[in-house]
Structure formats: C-alpha cells, structure tokens
Amino acid sequence: MKGDGFVVALVLLALASKLASASDPSPLQDFCVAVNDAKDGVFVNGKLCKDPKLAVAEDFFLPGLNIPGNTSNPVGSMVTPANVEKIPGLNTLGISLVRIDYSPYGGLNPPHTHPRATEILVVVEGTLYVGFVTSNPENRLFTKVLYPGDVFVFPVGLIHFQFNIGHTNAVAFAGLSSQNPGVITIANAVFGSDPAINPDVLAKAFQLDKNIVKQLQSRFWWDNN
C-alpha cells in the first residue's frame, strides 16, 4: 500500500508540474497598441495598451525608410529604427526593423550587441564585410562579404559589426526578434559610460597605458553626451 501511495503521489506531482509549466504560446489578442497616457490603457510588456476598439491604421504605420540616413559622423553610418517607439502597434509582437546606411569605403556599424534579439540582415545596395564573435572562451570570429540580395544572421547577444568595403554608399535592412531589441555599442559602453569607469580598470583589462585610456574616455564620453 505504501508503494501504491508513492506511485499516486508521483503521478500527481508530474501532473501538477505539467500544469504549472503550461502557458499560452502567443498573445491572447490580435494586438496591443502602445500608448503613453496611463488613463488610456493597461500595462503590458513594458508599455501601456489602448483599447483595441480605438486602434487606427496609423498605429501600425511608419513612413520614411526610403530616405537615406545621414552618415556624416565619425563612424560613417546611420541606423534608422522601426521599433515599438516608432510604431506603437508593434507592442507585444516581438519584431522590429532597421535601415542602415553606410558611407563609401569605411562606413562602419561598430561592434555592438542586441541583448534582446537575433538579427537577420539583407544588403540592398553596396558591399559589406560583416561578422560576429562567439562567446568565451572560444571567441570564434565568423565573417562574410555580402553583396546586394545576400542575407546574414547575427545570433542574439553576440558582438557583431558591418563595414562598407565598397566605394559607393551601402544600404541594408535588418529584422530583429524583439519590439525593442536594445543596442550596446561596445566602445561607447566601455569608454563612454557616465560616470566614467575607473581608468585603472580599463588599463588593466585592455593592457593599455592609463593615459591612452583617458584619451579614449574623453572622446567617447563626448560622443555619448
């Protein structure tokens, strides 16, 4: 009898565990348009949502991705996002888009990560050298030269970059698996934090002279602020 009780208890525990882990695989409504005014909605996935009956076509619309971004900056690139901040109808849908413009030879989307999204990039114009680095301890580098129509994937959270190696402007579009993927540009985060990281820490981490670290911090802090 004791053995039978143990079996019954084990079965009940298994069933309870299965029920506890059950969840809806997708949203329980067609959409959840983000709003900024608390009186207009409820808080869902980091945003307030309006009454679906009040949604309009403009909530799902963004014009202008045909317009080239201004690449007159130190890195020679410009990212134009189409995320939940620009399209409130993206809220809870787990997807977004960017246009990236690169100046002729040397236009760079610097090494960065997206903490909340995988990225899939397609080249529309120009020639890009792209790559990503795997996590420690291998730090393996994957690179590829892309031409118009080529597609490349950057796995979630990994450091990656794109560099225009052509002598004309380059344009790419990228889809990201989050409504708000976030971006951490490595150089800006390390040397441009506010307040600044202790130079002794960075000098030892990067095996650099402390004066070089201070020089880098002065440049990137200015860029970020």
Side-chain angles (χ1 to χ4, degrees), residues 22-73 75-102 107-125 128 130 132 151-162 169-186 188-189 192-194 223-225:
S23 62
D24 293 296
S26 58
L28 299 181
Q29 56 201 39
D30 291 337
F31 48 78
C32 189
V33 176
V35 292
N36 294 320
D37 195 336
K39 68 180 179 58
D40 290 333
V42 294
F43 197 73
V44 179
N45 199 27
K47 293 288 182 181
L48 292 162
C49 298
K50 69 162 65 174
D51 185 334
K53 295 183 178 64
L54 302 178
V56 294
E58 282 70 19
D59 292 328
F60 307 92
F61 173 73
L62 177 69
L65 285 190
N66 61 313
I67 301 172
N70 183 2
T71 59
S72 298
N73 54 60
V75 295
S77 71
M78 176 60 68
V79 177
T80 305
N83 55 24
V84 71
E85 301 301 329
K86 302 289 185 178
I87 309 174
L90 280 177
N91 190 42
T92 75
L93 299 185
I95 195 169
S96 58
L97 176 74
V98 296
R99 171 184 172 133
I100 314 170
D101 290 273
Y102 312 82
L108 172 69
N109 192 8
H112 63 281
T113 71
H114 300 294
R116 296 180 289 276
T118 290
E119 175 180 344
I120 182 167
L121 178 139
V122 58
V123 177
V124 175
E125 178 182 331
L128 295 178
V130 307
F132 67 85
V151 174
F152 199 80
V153 173
F154 305 105
V156 60
L158 298 187
I159 295 173
H160 60 282
F161 61 87
Q162 303 105 37
N169 292 325
V171 180
F173 285 85
L176 299 118
S177 60
S178 170
Q179 67 183 41
N180 186 18
V183 61
I184 302 171
T185 304
I186 307 306
N188 297 62
S193 65
D194 187 11
D223 286 344
N224 284 354
N225 297 272

Participant: A side-chain contact here means heavy atoms from C-beta on lying under 4.5 Å apart; do S96 and P81 qualify?
Facilitator: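 S96 vs P81: side chains apart.
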Participant: For the residue pair F132 and F152, does the interplanar ring angle fall in the parallel (under 30°), tilted (30 to 60°) or perpendicular (over 60°) class?
Facilitator: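 Because their plane-to-plane angle lies in the 30° to 60° range, the rings of F132 and F152 count as tilted.
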Participant: What residues, two or more places apart in sequence or in another chain, satisfy side chain to side chain donor-acceptor pair (under 3.5 Å) together with E85?
Facilitator: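 E85 satisfies side chain to side chain donor-acceptor pair (under 3.5 Å) with K47 only.
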Participant: Say whether, by atom type as modelled, one donor and one acceptor occur between the side chain of T71 and the main chain of G76 under 3.5 angstrom.
Facilitator: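 Between the backbone of G76 and the side chain of T71 there is no qualifying donor-acceptor contact (under 3.5 Å).
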Participant: Would you give the length of the straight line joining atom CG of N109 to atom CG of L128, rounded to the nearest 0.5 angstrom?
Facilitator: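 So the CG of N109 and the CG of L128 are separated by 9.5 Å.
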Participant: Any idea which heavy atoms bring I87 and A82 closest together, and the distance?
Facilitator: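 Closest approach of I87 to A82, heavy atoms only: CD1-CB, 4.0 Å.
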Participant: Which pair of heavy atoms, one from V75 and one from P110, lies closest together, and at what distance?
Facilitator: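 So the minimum-distance heavy-atom pair works out to CG1-CG, 3.7 Å.
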Participant: Look up atom OG1 in T80 and atom CG in D101, then write down how far apart they are to the nearest 0.5 Å.
Facilitator: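 Result: 6.0 Å between the selected atoms.
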Participant: For F60, what residues pass the ring-ring contact (aromatic ring centres under 6.0 Å, His included) criterion, not counting sequence neighbours?
Facilitator: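 Testing F60 for ring-ring contact (aromatic ring centres under 6.0 Å, His included), a comparison that skips the adjacent residues, returns F31.
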Participant: For residues R99 and V124, determine if any side-chain heavy atom of one lies less than 4.5 Å from a side-chain heavy atom of the other.
Facilitator: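 In short, these two side chains do not touch, never coming nearer than 4.5 Å.
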Participant: To the nearest 0.5 Å, tell me how far S77 OG sits from N70 CG.
Facilitator: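 Interatomic distance, S77 OG to N70 CG, rounded to 0.5 Å: 11.0 Å.
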Participant: Please round to the nearest 0.5 Å and tell me the distance separating atom CZ of F154 and atom CD1 of I120.
Facilitator: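 It is 10.0 Å, given to the nearest 0.5 Å.
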Participant: For a 4.5 angstrom cut-off between non-hydrogen side-chain atoms, does I67 reach L65?
Facilitator: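 Answer no - side chains too far apart.
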Participant: Measuring from S177:OG to H114:NE2, what's the distance to the nearest 0.5 Å?
Facilitator: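 If we round to the nearest 0.5 Å, S177:OG and H114:NE2 are 9.5 Å apart.
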Participant: If only atom types and distance count, is the side chain of H112 paired as donor or acceptor with the main-chain N or O of I159 below 3.5 Å?
Facilitator: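 Checking the backbone N and O of I159 against the side chain of H112, no donor-acceptor pair under 3.5 Å is found.
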Participant: For P88, does its backbone N or O pair with a side-chain atom of N91 as donor and acceptor, under 3.5 Å?
Facilitator: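 Here the side-chain-to-backbone pair does not exist.
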Participant: Can you confirm whether L108 sits close enough to Q162 that some side-chain heavy atom of one is under 4.5 Å from a side-chain heavy atom of the other?
Facilitator: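 No - every pair of side-chain heavy atoms lies 4.5 Å or more apart.
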Participant: To the nearest 0.5 Å, what is the distance between CD on E119 and CG on L176?
Facilitator: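 Between atom CD of E119 and atom CG of L176 there are 5.0 Å.
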Participant: Could you check if a side-chain atom of N169 sits within less than 4.5 angstrom of a side-chain atom of E125, using non-hydrogen atoms only?
Facilitator: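 Touching, per the 4.5 Å side-chain cut-off.
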Participant: If you define the side chain from C-beta out and look only at heavy atoms, does anything of T118 sit under 4.5 Å from V153?
Facilitator: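 They are in side-chain contact.
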Participant: If we only count heavy atoms from C-beta on, is the I95 to L90 side-chain gap below 4.5 Å?
Facilitator: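 Yes. Closest side-chain heavy atoms under 4.5 Å.
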Participant: Can you tell me if R116 uses its side chain to pair, donor with acceptor, with the backbone of N180 under 3.5 Å?
Facilitator: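 A pair under 3.5 Å: yes.
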Participant: Report yes if the side chains of V171 and I100 come closer than 4.5 Å at any heavy-atom pair, otherwise no.
Facilitator: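 A side-chain contact is absent here, since even the closest heavy-atom pair is not under 4.5 Å.
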